[in-house]
Amino acid sequence: MRDPFFFGYGSLVNAATHNYTSTHPAKLAGWRRVWRHTSMRDLAFLSVEPAEGIQINGLIAEVPNADWNALDLRETGYFRSQLPETSLTHQAGPVEVQMYQTHPNQDPSPAMQHAILLSYVDVVVQGFHNVFGEDGVEQFFKTTAGWDTPILNDRSNPRYPRSQSLSRTETELVDHHLAALKAQLISG
């Protein structure tokens with residue numbers, strides 16, 4: 001039996017943030033990304049929720065010997081669940097794939113909004129750029145809900161523990177898409 005895989009849809013797409021080397025680009029149908037605000041921390045979590053007609057890009061990676069301990073620790077605040085094979089497209093063949101997401105019971109009242117760390121967005125965009133190119137970055141922003149929350153610019157002193165150095169092109173991509181989202185939110 002093969003080792004299981006995880007499906008990453010955020011920072012786990014950026015292979016520089018983990019040591020899982022057997023990876024494959026993947027697409028997950030019927031889901032979208034969403035920024036979640038939980039009582040577990042004072043910053044927004046990137047999670048997923050079912051969404052008919054939407055497909056998100058991500059990365060699957062093999063978890064050697066089914067040793068989930070390090071990944072479960074990294075993903076504190078998320079729960080892990082099995083993905084049905086029919087919703088996931090990838091080139092790894094028949095494998096068990098699990099995904100992390102926040103639990104709806106942890107969501108605070110809708111009035112609570114936490115900031116999104118820019119250093120976290122940078123890491124995610126860098127991963128999508130490396131795996132899927134500029135089109136993948138655009139799709140990341142289009143298939144993620146909840147951008148109507150403040151973005152905390154921590155680039156000069158990153159608070160995200162797995163922050164990465166971005167190229168000028170990657171930084172410009174992040175800034176361009178965030179500016180477009182802000183303009184879209186202002187225009188209603």
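The analysis underlying the following values was restricted to heavy atoms, covering all of them including side chains, and did not include hydrogens, waters or symmetry mates. Keep in mind that what you see is a predicted model, and the values were worked out from it rather than measured. Residues take their numbers from the sequence shown, with the count starting at 1.
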remark   = Sequence neighbours excluded, the answer for ring pair (Phe, Tyr, Trp, His ring centres under 6.0 Å) partners of F128 is F132, F140

inquiry  = So V121 and W35, do their side chains get closer than 4.5 Å, heavy atoms only?
reply    = yes

inquiry  = Salt bridge check, R168 against D175: does any charged N sit closer than 4.0 Å to a carboxylate O?
reply    = no

query = In Å, rounded to the nearest 0.5 Å, how long is the span from CG of L118 to CG of L152?
reply = 8.0 Å

query = Any side-chain heavy atom of V174 within less than 4.5 Å of one from L166?
reply = yes

request  = Please assess E96 against F5 for the test side chain to side chain contact (heavy atoms under 4.5 Å, CB included), listing each intermediate value before the final yes or no.
outcome  = CA-CA 6 Å; E96 172 193 323; F5 282 65; over 6 Å; no

ask   = Does S163 have any side-chain hydrogen bond (donor to acceptor under 3.5 Å, both in side chains) partners at least two apart in sequence or in another chain, and if so, which?
value = none

inquiry  = Could you check whether any side-chain N or O of N157 sits under 3.5 Å from a backbone N or O of R159, counting only pairs where one atom can act as donor and the other as acceptor?
reply    = no

request  = Taking the side chain as every heavy atom from C-beta outward, state whether W68 and P4 have any atom pair closer than 4.5 Å.
outcome  = yes

message = Test of understanding: with salt bridge (charged side-chain N to carboxylate O under 4.0 Å, His left out), list the residues that count as partners of D148, not counting sequence neighbours.
response = none

remark   = Output for pair (F7 CZ, L28 CG), nearest 0.5 Å, gives 4.5 Å

query = Does any pair with a residue in residues 65-77 pass salt bridge (Lys or Arg N to Asp or Glu O under 4.0 Å), and if so which ones, sequence neighbours excluded?
reply = D72-R80

Atom pair CD (Q98) and CD (Q82), whose distance is rounded to the nearest 0.5 Å = 5.0 Å

task = Report the residues that fulfil side-chain hydrogen bond (donor to acceptor under 3.5 Å, both in side chains) with R162, sequence neighbours left out, ordered by chain and then residue number.
result = Y160

key: Sequence neighbours excluded - salt bridge (Lys or Arg N to Asp or Glu O under 4.0 Å) pairs with any residue from residues 126-137   = none

task = Check the pair D3, V63 against side chain to side chain contact (heavy atoms under 4.5 Å, CB included), reporting the backbone distance first and the verdict last.
result = CA-CA 6 Å; D3 287 329; V63 181; 5.8 Å; no

query = Got a sec, which residues hit salt bridge (charged side-chain N to carboxylate O under 4.0 Å, His left out) with K182, two or more places apart in sequence or on another chain?
reply = none

remark   = Here the pair of heavy atoms bringing H90 nearest to A26 is CB-CB, 3.9 Å

query = Which atom pair, heavy atoms only, marks the closest approach of H114 to T38?
reply = NE2-O, 3.0 Å

N/O donor to acceptor pairs below 3.5 angstrom from side-chain atoms of residues 44-61, sequence neighbours left out:
unit_1 : atom_1 : unit_2 : atom_2 : d
S47    : OG     : T102   : N      : 2.9
S47    : OG     : T102   : OG1    : 3.2
E49    : OE1    : R36    : NH2    : 2.7
E49    : OE2    : R32    : NE     : 2.6
E49    : OE2    : R32    : NH2    : 2.5
N57    : OD1    : K27    : NZ     : 2.7

query = Would you say Y9 and V97 are hydrophobically clustered, going by side-chain heavy atoms of ILVMFWY under 4.5 Å?
reply = yes

request  = First locate atom CD1 of I116, then atom CG of D154, and finally report the distance between them rounded to the nearest 0.5 Å.
outcome  = 12.0 Å

query = With sequence neighbours excluded, what pairs up with A15 under the side chain to side chain contact (heavy atoms under 4.5 Å, CB included) test?
reply = H18

ask   = Residues in side-chain hydrogen bond (donor to acceptor under 3.5 Å, both in side chains) with S22, at least two apart?
value = E62

message = Please enumerate all residues that pass side-chain hydrogen bond (donor to acceptor under 3.5 Å, both in side chains) together with Y20, with sequence neighbours excluded.
response = none

message = So, using side chain to side chain contact (heavy atoms under 4.5 Å, CB included) as the criterion, who are the partners of S165 when residues are at least two apart?
response = none

inquiry  = Applying a strict under-4.5 Å side-chain criterion to I, L, V, M, F, W and Y, I'd like to know whether L43 and V34 cluster together.
reply    = no

task = Using the rule that two of Ile, Leu, Val, Met, Phe, Trp, Tyr join whenever any of their side-chain heavy atoms come within less than 4.5 Å, decide whether V123 and L71 are in one cluster.
result = yes

query = Do W31 and M99 have side chains that get closer than 4.5 Å, going by heavy atoms?
reply = yes

key: CZ-OG1 distance between R155 and T171, expressed to the nearest 0.5 angstrom   = 5.0 Å

inquiry  = Can you tell me how the ring of F141 sits relative to the ring of H177, calling it parallel under 30°, perpendicular over 60° and tilted otherwise?
reply    = parallel

query = Roughly how far, to the nearest 0.5 Å, is CG of D122 from CD of E170?
reply = 9.0 Å

